[in-house]
Number of protein chains: 2
Amino acid sequence: MKNNATRDKLIDSGAQLISQQGYNATGINAVLKTCGVPKGSFYHYFSSKEDFGLAVIERFATRYDETLVALLEDNDTPPLERLRRYFAAGREHMHECNHATGCLIGNLGQELSGQSDTFRDALNLVFQRWEQRFVQCLKDAQAQGDIAIRTTPEALASFILTGWEGAILRAKMLKSVEPMVHFETILFQQVLVPSP
Amino acid sequence: MKNNATRDKLIDSGAQLISQQGYNATGINAVLKTCGVPKGSFYHYFSSKEDFGLAVIERFATRYDETLVALLEDNDTPPLERLRRYFAAGREHMHECNHATGCLIGNLGQELSGQSDTFRDALNLVFQRWEQRFVQCLKDAQAQGDIAIRTTPEALASFILTGWEGAILRAKMLKSVEPMVHFETILFQQVLVPSP
DNA sequence: AAAACAATAGACTGACTGGTCTACTTTAAG
DNA sequence: CTTAAAGTAGACCAGTCAGTCTATTGTTTT
C-alpha cells in the first residue's frame, strides 16, 4: 500500500539522478526510463514532482543520519577521532563519485531554497538534525578535555558543518578533494584544540 | 557592435533572475520579458543560452573582483580589518536580498559544475582569482605579524573562502545570517591569530 | 465468483523550452 | 542617393516538461 518496491525504485533512481544533475534538470520521464516504471505508477505513488522530491530528501536524510549516528556516537572511539573518521568517509565518497555529486542536501538547499519554501523547510530540518549530532560529539570532546569550546557547542557545530559543506562544493568545482583536506587540517590544528 | 545597451540590459536582467532562481530555472523568455527585449536581439548578441550564461558570469565576476580589490587591497587599513569589512559587506548583502540570492558564482558552481565542463572551468577560474586576493591579504597580515600561518597562505585562503561560501549557503536555507556570524567569530578567535 | 481496490501501463495534453526564421528598421559608408 | 550591414521584431518550430486520462491487470475481501 505505501512502501512498495516500485516506490523504492523510483526514489532510488530519483536520488541518483538528482544527485548528479540537480532537481530541475532531472525530468520525471528520465527517472521513469532509468528504472523502467511507467508514468501511471509514478503518479500513483506521488502526487507531484515536489512530493517526489520531498520523498527523495526524506529517504536520503534517514539513511545518512544512520551512518552519522554510527560514526559520531561510537562511544568506543574518542570524539575527535570520530570526527576525523566522518571527514575521511566524506572524502572517500567524493572520490567514489568522481567529484560529481557531493552532498544531496547541500545541493538541493542551494538549488531550491530560493524556489520553494516547502523544500527549504524540509532541507533546513535535515541540516538541523545533523547539526545536533555534531553538537553531541563536540560536547563529548569537551567533557573529555580534548577541546576547549570558546563559543558554544552549537556555534562550533554550525561552523564545522557549513565549512565542510563549502569545502564539498568547492571540491566538486575543482574536481579535487584538496579543499576538503585544507579544511580538515586547519580545523584540527587551530579550532578543535584543548585550552592553552 | 559588441558592447551595446541592449546586450547590457540582457546580461543585467539575466544576472538578477539567475541569482534568484538559478540557471536552469531561468528561461530565456523570462529574461526577455523583464527587460523588454525581443528574442531576435538575444540571439543576435548570444549564440546560445550557455553563451549567455558565460557572459553573465564574466560580468558578475569582473564587477565583484573590483569590490574585492577595493576591500582587500586597501593599504590604509590593517589586513585583518580588511577581512572583517569584507565579511561585514557580505552579511549586509545577505540582508539586502532577504537571504534569497547569496553568491552567484557559488550558486552556479553548485548547479552547473556537474552539468557542463565549460561552466565548471569558467566558475573555477573565478574562484581561483578570488582566492589569490585572499592569499595576498593574508600574506600582508603575516608580514605585519598580525597572524601566524601554520599551513600555507593558499591553504588558509581556501579554508576561508570555502567556509564563507558554506556559511552563505546555510544562511540562504536558514533565512538568517547566523551561520555567517558563527563563521566570522570562530575564524577571528581561533584561526586568524598571532603566534602564541 | 464477484465486486472493490491497488497497481501497472502508456497515450495524450497544454504549457513552455531553447532555438530558428524571415521581415523590417535603423545606421553608416561609398 | 544607394547599398550593405547591424540591430530589432516576433511568429514559429520541434522537443520536452509536469501532469491527466482511460484502460487493463493483480490482488484482496466478501
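Lettering of chains follows the sequences in order, A, B, ..., and the numbering in each one begins at 1.
The distance from atom CZ of F52(B) to atom C1' of dG19(C) is 15 Å, rounded to the nearest whole Å. In this entry the distance linking NZ of K33(B) with P of dA9(D) reads 17 Å, nearest Å. The NE2 atom of H44(B) sits 17 Å away from the P atom of dG19(C) (whole-angstrom rounding). Rounded to an integer number of Å, the gap from D51(B) CG to dG18(C) P is 14 Å. Between the CD atom of Q21(B) and the C1' atom of dC16(C) there is a distance of 14 Å, rounded to whole Å. With rounding to whole Å, K9(A) atom NZ is found 11 Å from dT8(C) atom C1'. In this structure, CZ of F46(B) is placed 12 Å from P of dG7(D), rounded to the nearest angstrom. Whole-Å rounding puts the L10(B) CG to dG7(D) C1' distance at 12 Å.
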Contact state string [nucleotides 18-27 of chain D, B base, S sugar-phosphate only, - no protein heavy atom under 4.0 Å]: BBB-------
Atom pairs and distances, donor-acceptor, side-chain atoms in residues 90-99 of chain B, under 3.5 Å, two or more places apart:
residue : atom : partner : partner atom : Å
R91(B)  : NE   : E184(B) : OE2          : 2.6
R91(B)  : NH2  : E184(B) : OE1          : 3.0
R91(B)  : NH2  : E184(B) : OE2          : 3.3

Per-pair distances, 0.1 Å, donor-acceptor, side chain in residues 164-172 of chain B, under 3.5 Å, sequence neighbours excluded:
residue : atom : partner : partner atom : Å
R170(B) : NH1  : E131(A) : OE1          : 2.7
R170(B) : NH2  : N124(A) : OD1          : 2.9
K172(B) : NZ   : Q110(A) : O            : 3.1

Please tabulate, for side-chain N and O atoms in residues 185-196 of chain B, each donor-acceptor pair with protein atoms closer than 3.5 Å (sequence neighbours left out).
residue : atom : partner : partner atom : Å
T185(B) : OG1  : V181(B) : O            : 2.8
Q190(B) : NE2  : Q190(A) : O            : 3.3
Q190(B) : NE2  : V191(A) : O            : 3.2

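A rotation axis mapping the C1' atoms of four pairs onto the next four is fitted at both ends of the helix from dA1(C)-dT30(D) to dG30(C)-dC1(D) over five pairs, and the angle between these axes is 0° to 10 degrees.
Listed by first then second residue, pairs satisfying ring-ring contact (aromatic ring centres under 6.0 Å, His included) with a partner in residues 129-148 of chain A read Y64(A)-W130(A), Y86(A)-F134(A), F127(A)-W130(A), not counting sequence neighbours.
Within the structure, a side-chain polar atom (N or O) of T6(B) is placed less than 4.0 Å from OP1 or OP2 of dT8(D).
Side chain of K9(B) to backbone of N4(B): no donor-acceptor contact under 3.5 angstrom is found. In this structure, the side chain of D51(B) engages the main chain of S47(B) through a donor-acceptor pair within 3.5 Å.
Annotation: ring-ring contact (aromatic ring centres under 6.0 Å, His included) contacts of F52(B) (sequence neighbours excluded): F42(B), F46(B). Partners of E81(B) under the salt bridge (charged side-chain N to carboxylate O under 4.0 Å, His left out) rule, at least two apart in sequence or in another chain, are R85(B). With sequence neighbours left out, the salt bridge (charged side-chain N to carboxylate O under 4.0 Å, His left out) criterion links E73(B) to R133(B).
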